[in-house]
Every structure is written in C-alpha cells, then in structure tokens.
Amino acid sequence: MLIFMSSVMPNNKFGLNGTVSLPNARLPQEGELSFQFYRGFPDRKLLLSASPYSWLQANIFYTDIAGKDYPGYFQSYKDKGFSVKIGLLREGYILPELSMGFDDFAGTGIFSRQYIVATKGIGRSDFSLGIGSGNLSSGRLRINNPFKPLFNDLGDRFAQTEQGGMFNFGNYFSSDDLSVFYSVKHKVNNSFEFSLEYDPTIYGKRQFIKKIPKTRYNFGLKWKINNNNSIQLGIERGQEITANIVYKDNFFQKETQSQLSRPTKPLILYSNIQEYLNSQGIGVKLIQEKELSNKSIAVEIFQNSFIDIDKLDKELFQAFRENSDYDSVEVIHKKYSMVVKESKLNLDKPFIIDDKIIRNNDRTVYQVNESFPYIFNKLGPKIKTFVAAREGFNFQGLMLEHDSEIILNHNFFIQTNLKYSVYDNFDKLFIPPDRTFPNQVRSDTKKYFNNFDKGITIGRLQANYFFSPYENNYFALSAGIYEEMFMGSGIDYIYQKNNSRFHFGFDYYYLKKRSHRMLFDVLGYDNHIYKIKAGYLVPKLDFLFSVKYGEFLAGDVGTKFEFSRTYRNGTKLGLFFTLTDVSFAAYGEGSFDKGVYFKIPLDNILNTGFFEYLWRPLTKDPGATLNNATNLFDEISRYKL
C-alpha cells in the first residue's frame, strides 16, 4: 500500500489542502508556504497559507464577491478572513489521518464552516470522509451535532466582547445537524491528478448566490507544472468552471548559506586566517593570543552572510581542527561593534561550544585597519500593491527603487530608500476613512499612495548608531526619515543573556507626521511614544511570545501581544493583536488591531536579503506602530538563542 504524499496535494478554494471546495485531513510539511489565486463564482480570492508546524496549516485571504453589494458603494463586496486546520491523528497502516478545521472563523464569517475529516491513502488514491457544520451543513446525509453545546457555552462566555473581527465561538459547530461530505483523489502520474467530491455547501440562502446547484458533485483536474507551481481547473455545482493557481515552496527549510569551503592554506599564519575568512564573507577585526598558551587564540569576527550562528561555529571548528595545530579557538562574534556572542571551540575534543571565556590580559597580535566609509547601492523594480480597498479589489504600481547603505563605522551607518513610480493606478483610491481617532496616523494612507506619481519620493533616510556599554546590554539610537509616513528620532534597548529564552527592554521615539508628498515637509501632528517590552521563547514549540505595553502612534495606550517563530535560515512567521484604551465599539469593524507577517531570506535566490510582508485586515489609527528599518532584537537574538 502506498500512502498518497502531501507534497502533491493541491490547495482547495479556501487555501488549505483538499480537493476542489472540500478539505481533506492532509497537512503540508512543516515550513511550507503557498500563494494562491482562486477564480470562481461568486467569489475570487487571494490567499496566503503557511504551516509553521507539521500539525498546523493556517491562512489569510482577501475575497471579492460578485452579486453582493458593498454597502454604500457601487461595487462588489470585499471581505477578509482566516482559516486554520489542525492535525489530530497521523495516518498509520490501518488508521486514517484525522484533522479538524475552521474556515473563515473570524469577522463577518460569510464563508464560515467547521469540519472534522479523515483521509486514507490506498495506492495512488486518497479517500476522505468528513462531517461539516456552518456552510457545510446542507447535505443529504446528516447526523445530530454533538459539539453544539460545547461551542455555544464558549460563545456565551465570550459574548461580552463579541464584535466584528472577533472569534465568534458561539457560531462554531452551531448547526443542529452535521452534514456528511466525502471525496476521492487519484494521482494519474507525476503531473496530473483528478478529484471528485460531494459538497454539502449551503446555497440559495445568501444574497450573493443566485443559482441553485445542478449537482452536489464537483470535479477537479490538477496539473502540477513543477515542484512549486500547479493549476487546478474545476467544475463546481455542475454550472461553474473555476481555476486555482498555486505557488508552493518550503522557505523555512531552504538553505540560505553554503558550507565553508576547505582552506587552501594552513590556518597558522594570522594573515592566512584573515584571507580565508574574508573569502567566506567573514570579516576579521583582530586576533589575540591567550596569555597562558600560544596554542590558543581569540578571533573577533563580524559578518552578515551566515544567519545560523551555531552552524557557522561548527564549520569554523571543522576548518581550524583540520587545518591548524591550535588547541582551542575563541570566536568573538560582533554585530555593529557590539559583542553579541562568544564561543570557545575546543579543537582537541568533539564539537562542543563552550561559552566560558576568560579574556584577561590577552595580547593582540594581529589587527585589521579598515578604510571607511563603505557605500553599497542597489537599484531595481518593486511591485507595490493596495489590496481590498473599498474602491476596488486590487490596485498596483511598478516602482523603481534605489536603496543604499553608507557605513561610516561598524556601529554607525545611514540607510536610504528613494522611490519613483514607473506606473500605478493609485489615483483611483479616493474614498476617505470612516473614523480617524484618536489621531489620524495611518487611516490617511491613501493620500500617500496618491502622491507616488508626483515624482521621486523618500521612503527612508535614517541614521543608526549601536553600542553596548555592558555585557548583554544593547542600545540603538536612530534619527531621520523612518518610513513613508513618519520621521523623528528614538532609542531602543534590549537585555538578553547568551542562551537565554527571556529578554526585556524598552523603546522611546519622538515622531512627526510627514507630508503626503513624502519629501522633507511635515504635517501638524507629532507625538512622543514609548513601550516597555519582554519576550519568552517557549520550549519545544520554539515560538516567541512577546508583550509590549505603552503609547502608540495615535496617542492610545495599551498592549501588543505577538507570537512568532524564527527558523534557522532566518525565515520568520508571526501574528499579533493589539488592545488599547480605544474601545471595541469605538474602533468599529475589526474590533481591535491585528495581523500576520512573514520574512523570507532571499540571499541565494535574488541576493537581496529578505522579502517581508505584513497583512492586517484594516488600516486604522489605534494600535499603530512605527515601521523602523532596523530591529535591534532581531539583530541580537539570532546570536543569543
């Protein structure tokens, strides 16, 4: 018996592993990320799905719904939502794989549905059987709902905070009966597979669905173009042809750095050590001899090429062990001239990192004098988008952007970003925000987009200075134009010991709101903002839980809660929500600020560092934070954990 591998599984129209419309119990490999466009009727969707763990798949989506009016506007309805699937049981020789899922589980919940589904692979085929509630409760075969009392009780307990954009516990598994659904998928060869499903989705009761289905059976044909790209065509309800285009990749497990090459010269002469490390993208500041032994040295290094610091230490251990006669090498990692990690490599023993380093009276025997400043430039096109506006589903522009970094010293540098719009349709963004309180800091973002076609704009002109006066204490001073909407100055502080899962700190900024033209002029608003912050890396699950309390951009005061996971290659995935003294009722749709983000290393793909994306359902003023180009904790923590 062959198990149907999840690597060939397509996403369904909700962005999770499944057939055409229905889910199955399969989950992607840990670290898989997918981008998806679904075109059907009545909805079309843009979806981003991720699997931070092998037992969890989640996504966010934007949707445009034909046949349903956007209240107060002459256009189709726009919506946003979240979906999640949780693995309950892995497939065995006899037992099937079992998962539970919640589609569109927060906010308006137009597509809200809940399910439990089992999947069993036999040969080249996958067979799935499940029970569904919500929008999956209109099938012929139904059973009494045993979950309704449980979720109704949760709904009662959380009813006092239930607003648009909240988790509506009382609506989960709320149908009186659960409908049975089933599907089969068959892999024809490595490129093609087809699927058949019985879909108990409710139709005819929503104003945006006009047609009663001709059949409950949907058909799908998937063409796997290559390991990353696939297209699935479907026939839904016997009357609609749909298309699903998916790009998948496992960014979390990508290797973003190659191994150190073998030295061509013995690592005995100090000049050979510097030459070798420089050839690997590692700078050498100085080399010291230990006081008690000429068989031990300390090497101060700085680098941006290697994200996985433990891997770098291990490869340095191997290079020195095979190509030198030292007993030990102490590696002092520096970032912005600050000591962020010290590793003692005992070359006469199996690889073990010892961080107990004594550096009293070490003698400097080799020092590198550098010629500052260094100037790095990058010019290239970038796509800028504005998705799910009330004016329309998607607006975009092609920007020509110039980025530079002027390094005046290892701990003092200037970052710039200049933008020029080659093409954009942002002039069509004109509908003002509904609410602009307590102060308008983000809700006028359309006015900034309107000005990209007015010539060159300044996205950033920021000076940064870093220092560490005491061990494990790190400071960053910055000033200038931080982002398109704010300029000012500030200080950031982090305390974190080596190998510690806990950190704390604070930040303070004085900021002025920039003019919509995005040059050097400012508007009338300014503010002093502050936060105290702390975080803890949860063992085994390896996610960072962090809390920040203080004043936000608009003057509201509250707490930001954040959950994130950073992988060895630098990929980061996170979600956050912010509760401030702006009430749910005053905040309106969405109830409070929230969002998800990811950061993907592209060093070996485009040689451009990281691709970062932040998604929040609504652009409102409460809970707004500064978009600082440098994140002190991100820079320090990868050396500490």
Side-chain angles (χ1 to χ4, degrees), residues 256-349 351-355 357-376 405-413 466-468 498 603-604 607 609 635-636 638-639:
T256 59
Q257 58 195 39
S258 58
Q259 293 184 345
L260 293 180
S261 63
R262 187 181 183 89
T264 57
K265 301 177 182 178
L267 300 181
I268 303 297
L269 295 177
Y270 301 134
S271 58
N272 288 354
I273 295 175
Q274 183 201 2
E275 180 183 345
Y276 168 65
L277 293 179
N278 284 349
S279 70
Q280 307 302 305
I282 302 171
V284 175
K285 182 64 177 175
L286 58 83
I287 300 175
Q288 294 180 321
E289 284 186 354
K290 305 302 292 180
E291 182 186 29
L292 301 178
S293 172
N294 60 5
K295 287 291 186 177
S296 297
I297 60 172
V299 184
E300 287 191 4
I301 65 171
F302 55 93
Q303 55 85 31
N304 289 316
S305 303
F306 290 80
I307 298 172
D308 189 342
I309 306 304
D310 288 341
K311 179 179 178 182
L312 173 58
D313 280 338
K314 187 172 184 178
E315 294 189 9
L316 288 173
F317 169 86
Q318 200 67 29
F320 277 101
R321 187 178 192 182
E322 294 177 354
N323 297 277
S324 76
D325 59 356
Y326 294 117
D327 294 331
S328 69
V329 175
E330 296 174 359
V331 181
I332 293 87
H333 296 272
K334 304 193 85 171
K335 184 70 175 180
Y336 304 133
S337 287
M338 303 183 296
V339 176
V340 288
K341 184 180 181 181
E342 297 180 337
S343 306
K344 184 175 181 180
L345 311 178
N346 296 303
L347 304 182
D348 56 347
K349 301 176 183 178
F351 175 70
I352 297 177
I353 295 179
D354 182 1
D355 59 2
I357 294 178
I358 300 175
R359 302 188 65 193
N360 295 333
N361 300 319
D362 292 349
R363 183 168 61 94
T364 299
V365 293
Y366 189 85
Q367 188 161 358
V368 179
N369 296 315
E370 299 188 71
S371 300
F372 292 100
Y374 297 123
I375 301 176
F376 300 94
E405 190 169 68
I406 305 169
I407 301 176
L408 302 173
N409 207 326
H410 283 301
N411 62 338
F412 182 35
F413 60 94
F466 296 83
F467 63 100
S468 176
N498 280 337
D603 298 66
N604 280 1
N607 195 29
E635 295 289 354
I636 299 302
R638 65 190 180 102
Y639 293 88

Shortest non-hydrogen contact from [X] to [Y]?
X: Arg638; Y: Ile307; answer: NH1-CA, 3.5 Å
X: Tyr639; Y: Ile309; answer: CE2-CD1, 3.6 Å
X: Ala319; Y: Tyr276; answer: CB-OH, 3.8 Å
X: Val284; Y: Asn278; answer: N-OD1, 4.0 Å

Inset, instruction - Show the numbers, then the answer: is there a side-chain contact (heavy atoms from CB on, under 4.5 Å) between Glu315 and Lys311? - result: CA-CA 6 Å; Glu315 294 189 9; Lys311 179 179 178 182; 3.0 Å; yes
For the [atom1] atom of [X] and the [atom2] atom of [Y], what is their distance to the nearest 0.5 Å?
X: Thr364; Y: Lys285; atom1: OG1; atom2: NZ; value: 11.0 Å
X: Asp308; Y: Asp310; atom1: CG; atom2: CG; value: 6.0 Å
X: Glu370; Y: Ile407; atom1: CD; atom2: CD1; value: 9.0 Å
X: Leu260; Y: Ser305; atom1: CG; atom2: OG; value: 10.0 Å
X: Glu405; Y: Tyr374; atom1: CD; atom2: OH; value: 13.0 Å
X: Asp348; Y: Ser328; atom1: CG; atom2: OG; value: 8.0 Å

Inset, instruction - Check whether the ring centres of Tyr336 and His410 lie less than 6.0 Å apart, and answer yes or no. - result: no
Inset, instruction - Mind checking ring-ring contact (aromatic ring centres under 6.0 Å, His included) for Phe320 and listing every partner two or more places apart, or none if nothing turns up? - result: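 Phe320 satisfies ring-ring contact (aromatic ring centres under 6.0 Å, His included) with no residue once adjacent residues are dropped.
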Would you say the side chain of [Y] lies within less than 4.5 Å of the side chain of [X], judging by non-hydrogen atoms?
X: Ile297; Y: Ile273; result: yes
X: Lys314; Y: Leu316; result: no
X: Arg262; Y: Glu322; result: yes
X: Ser343; Y: Phe317; result: no
X: Val299; Y: Ile332; result: no
X: Val331; Y: Glu300; result: no
X: Asn323; Y: Ile268; result: no
X: Asp325; Y: Lys295; result: yes

Legend entry - Pairing residues for Lys349 by the salt bridge (Lys or Arg N to Asp or Glu O under 4.0 Å) criterion, not counting sequence neighbours: none
Legend entry - Backbone N/O of Leu347 and side chain of Arg321: donor-acceptor pair under 3.5 Å: yes
Legend entry - Side chain Gln280, main chain Ser261, donor-acceptor under 3.5 Å: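 Between the backbone of Ser261 and the side chain of Gln280 there is a qualifying donor-acceptor contact (under 3.5 Å).
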Legend entry - Glu275 versus Tyr270, side-chain donor and acceptor atoms under 3.5 Å: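 No, no side-chain donor-acceptor pair sits under 3.5 Å.
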Legend entry - Pair His333-Gln303, side-chain donor/acceptor within less than 3.5 Å: no
Inset, instruction - Check step by step if side-chain contact (heavy atoms from CB on, under 4.5 Å) holds for Phe412 and Phe467. - result: CA-CA 9 Å; Phe412 182 35; Phe467 63 100; over 6 Å; no
Inset, instruction - May I ask you to say whether Asp313 pairs ionically with Lys341, meaning some side-chain N is under 4.0 Å from a carboxylate O? - result: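 Between Lys341 and Asp313 there is a salt bridge, with a charged N closer than 4.0 Å to a carboxylate O.
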